[in-house]
Amino acid sequence: MRKDLCIVGAGPAGLLTASYVKERDIILIEEHRQVGVPKHCAGLVGIETKRKIEQQLSPKLIDNEYNEIEFHIAGVGRYVFHFKQPFVFHVNRPMLEQKLFDKVSSRVEFLNEVRAKPGNSPTEITIEYSVMKCQEVVASDGVLSVFRQRFYKVKPCYLIGFQGLFRTGYVNKDRIIVTYINNNDLIFHWMIPFDNDLVLSGYISRKPLQINITEKLLILNGLQPKSVAEYFGGLIPCNHPLKTPVFAHNLYFFGDAVPLVKPYTGGGLYYIFKLAPDLALALDKKDPEIYEKAYISQSYFKLETERLLTGFFSRTRYWLPVPILEFVEKTGLLGIEDYDRHYKLFFKTLPFTPILPVRLFRMGRALA
């Protein structure tokens with residue numbers, strides 16, 4: 001079979017790419033029966049991504065918003081950041097993917113329940129016992145990308161995100177709570193309220209843990225679960241992003257296959273929405289340099305900066321330099337756009353980093 005443009009993976013990365021491409025015949029390959037399933041993402045985005053979703057798809061996809069975030073750090077303290085307007089938003093991910101699919105379904109050939117594997121060349125795809133030859137391929141096949149493993153010889157690195165949706169006692173519906181644990185396999189825990197008694201309790205860990213950990217972590221935060229609506233989870237990539245996202249001029253990597261994931265939150269929608277137009281333009285014009293330039297200027301160095309900062313501060317038991325951020329907030333330098341643009345936090349906190357040991361020592365004495 002000879003095909004024009006083959007997109008492997010019908011998650012947000014593959015679907016958004018297909019929605020922007022205008023001049024190609026597309027075959028979209030997905031291993032699951034339907035888009036948006038299985039559910040695995042907490043669904044938090046910043047204001048810039050929220051605006052893109054509302055403008056390009058529908059305002060109804062944003063179902064909750066938050067203007068407060070509270071951090072707990074064991075043995076250090078509790079910090080609350082309050083903004084006058086919402087700065088974190090919850091997007092209904094299954095509905096987002098369905099909306100994107102509805103947008104492209106009439107002009108793509110959709111193969112579902114099909115597991116695609118790389119063939120002998122970058123433009124060959126193996127499906128069961130047949131080989132599909134494509135002009136170009138977009139590998140948006142997720143954290144465990146078999147295309148990345150095959151052509152870049154990179155083993156997948158990932159953390160595990162797992163969460164449960166609980167009915168519980170009263171909770172502040174405007175505030176997200178994050179607890180930094182970083183003890184053995186458990187790294188941190190979050191509570192995301194959906195109304196006054198419905199909360200998403202989730203965690204990131206280095207290996208699978210017991211399913212009731214989400215419930216136990218709620219109880220430790222003073223909430224008593226009454227019932228659980230669902231459990232879901234998935235893998236969060238921790239590989240370094242590829243230095244170049246195009247292999248041999250005609251195999252393009254996108255989304256978690258790169259990975260385009262913010263190290264602080266594990267969120268990938270920001271860079272997907274940011275780069276999809278450039279990727280589509282490169283595909284339409286058959287000019288990979290368009291995508292490569294956009295990738296380097298808009299994501300690669302920013303993601304590496306975030307990884308550098310995350311790696312440094314994770315040694316002090318938390319992912320973000322919260323005590324320093326508290327100081328930065330008081331100076332008025334912390335803005336609502338920083339949830340999307342984490343790399344800016346590097347430059348905002350760097351001048352104050354030397355004061356961290358002093359602040360932690362004082363806090364330790366105060367708690368003693």
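Note that this is a predicted model, so its numbers are computed, not measured. Nothing fancy with the numbering, it's 1 onward along the sequence.
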*What do you reckon, are the aromatic ring centroids of His72 and Tyr180 less than 6.0 Å apart?*
no

Taking the six-membered ring for Trp, are Phe110 and Phe101 ring centroids under 6.0 Å apart?
yes

Could you tell me the separation between the [atom1] atom of [X] and the [atom2] atom of [Y], rounded to the nearest 0.5 Å?
X: Ile53; Y: Lys50; atom1: CD1; atom2: NZ; answer: 10.0 Å
X: Leu217; Y: Ser201; atom1: CG; atom2: OG; answer: 5.5 Å
X: Cys238; Y: Tyr158; atom1: SG; atom2: OH; answer: 9.5 Å
X: Ile272; Y: Phe254; atom1: CD1; atom2: CZ; answer: 6.0 Å

Distance-only polar pair, side chains of Asp340 and Thr49, donor-acceptor under 3.5 Å: yes

Does any donor atom in the side chain of His32 or Glu113 lie under 3.5 Å from an acceptor atom in the other side chain?
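No pair is found: no donor N or O on one side chain lies under 3.5 Å from an acceptor on the other.
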
If Ile, Leu, Val, Met, Phe, Trp and Tyr residues are connected whenever their side-chain heavy atoms lie under 4.5 Å apart, and connections chain through other members, are [X] and [Y] in the same group?
X: Ile213; Y: Ile177; answer: yes
X: Val143; Y: Val138; answer: no
X: Ile290; Y: Tyr252; answer: no
X: Ile160; Y: Leu144; answer: yes

Salt-bridged, [X] to [Y], with N to O below 4.0 Å?
X: Lys22; Y: Asp284; result: no
X: Arg115; Y: Glu128; result: no
X: Glu289; Y: Lys293; result: yes
X: Arg24; Y: Glu136; result: yes
X: Glu23; Y: Lys285; result: no
X: Asp185; Y: Arg206; result: no
X: Asp195; Y: Arg167; result: yes

Discussion item. On the six-membered ring of Phe232, is Lys39 placed so that its NZ or CZ lies under 6.0 angstrom from the centre and within 45° of the ring axis?
Written reply: yes

Checklist entry - How far apart are the C-alpha atoms of Phe253 and Tyr152, what are their side-chain angles, what is the distance that settles it, and do they pass the ring pair (Phe, Tyr, Trp, His ring centres under 6.0 Å) test? => result CA-CA 11 Å; Phe253 288 85; Tyr152 280 104; 5.3 Å; yes

Main-chain N/O of Val8 paired to Ser140 side chain as donor or acceptor, under 3.5 Å: yes

With sequence neighbours left out, the residues meeting side chain to side chain contact (heavy atoms under 4.5 Å, CB included) with Ile211 are Phe162, Tyr231

Sorted by chain and number, sequence neighbours left out, side chain to side chain contact (heavy atoms under 4.5 Å, CB included) with Ala42 holds for Gln163, Trp190, Ile192, Leu200

Sorted by chain and residue number, the side-chain hydrogen bond (donor to acceptor under 3.5 Å, both in side chains) partners of Ser145 (sequence neighbours excluded) come out as Asp141

Parallel, tilted or perpendicular: which describes the rings of Phe247 and Phe151, with under 30° parallel and over 60° perpendicular?
tilted

